[in-house]
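Report on one structure; see the data block that follows.
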Amino acid sequence: MTTNLPIKLERLPKTLPREGAVRVELAQGVLIFRISRFFLERIGILTAKRNVAELTSEELQ
């Protein structure tokens with residue numbers, strides 16, 4: 001039986017995007033995916049709106 005252990009990275013690949021909707025960071029050899037502040041706030045706004053009214057089809061997308 002083989003066990004697949006996580007790969008510990010020393011650095012991020014240069015081709016990996018680091019800006020945009022999701023930011024990728026490297027912490028102690030583990031990839032961390034963080035949502036951008038803009039999209040985090042947008043999700044909060046849409047969630048609050050959904051609690052009091054229906055979202056438009058564009059907002060649902």
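Computation of the quantities below employed the complete heavy-atom set of this structure, encompassing side-chain atoms and omitting hydrogens, waters and symmetry-equivalent molecules. Numbers here are sequence positions counted from 1.
Summarising the geometry of Leu55 relative to Arg50, their closest heavy-atom pair is CD2-N, 4.0 Å, with the distance given to 0.1 Å.
Counting heavy atoms from C-beta outward, Leu26 and Ile32 have side chains that stay 4.5 Å or more apart. No side-chain heavy atom of Leu40 sits under 4.5 Å from any side-chain heavy atom of Arg42.
Remark: Leu46 CG to Leu60 CG distance equals 8.5 Å, nearest 0.5 Å. Of the inter-residue distances, the one linking Glu25 atom CD with Phe33 atom CZ reads 11.0 Å to the nearest 0.5 angstrom.
Of the possible donor and acceptor atoms, none in the side chain of Glu41 sits under 3.5 Å from a partner among the backbone N and O of Phe38.
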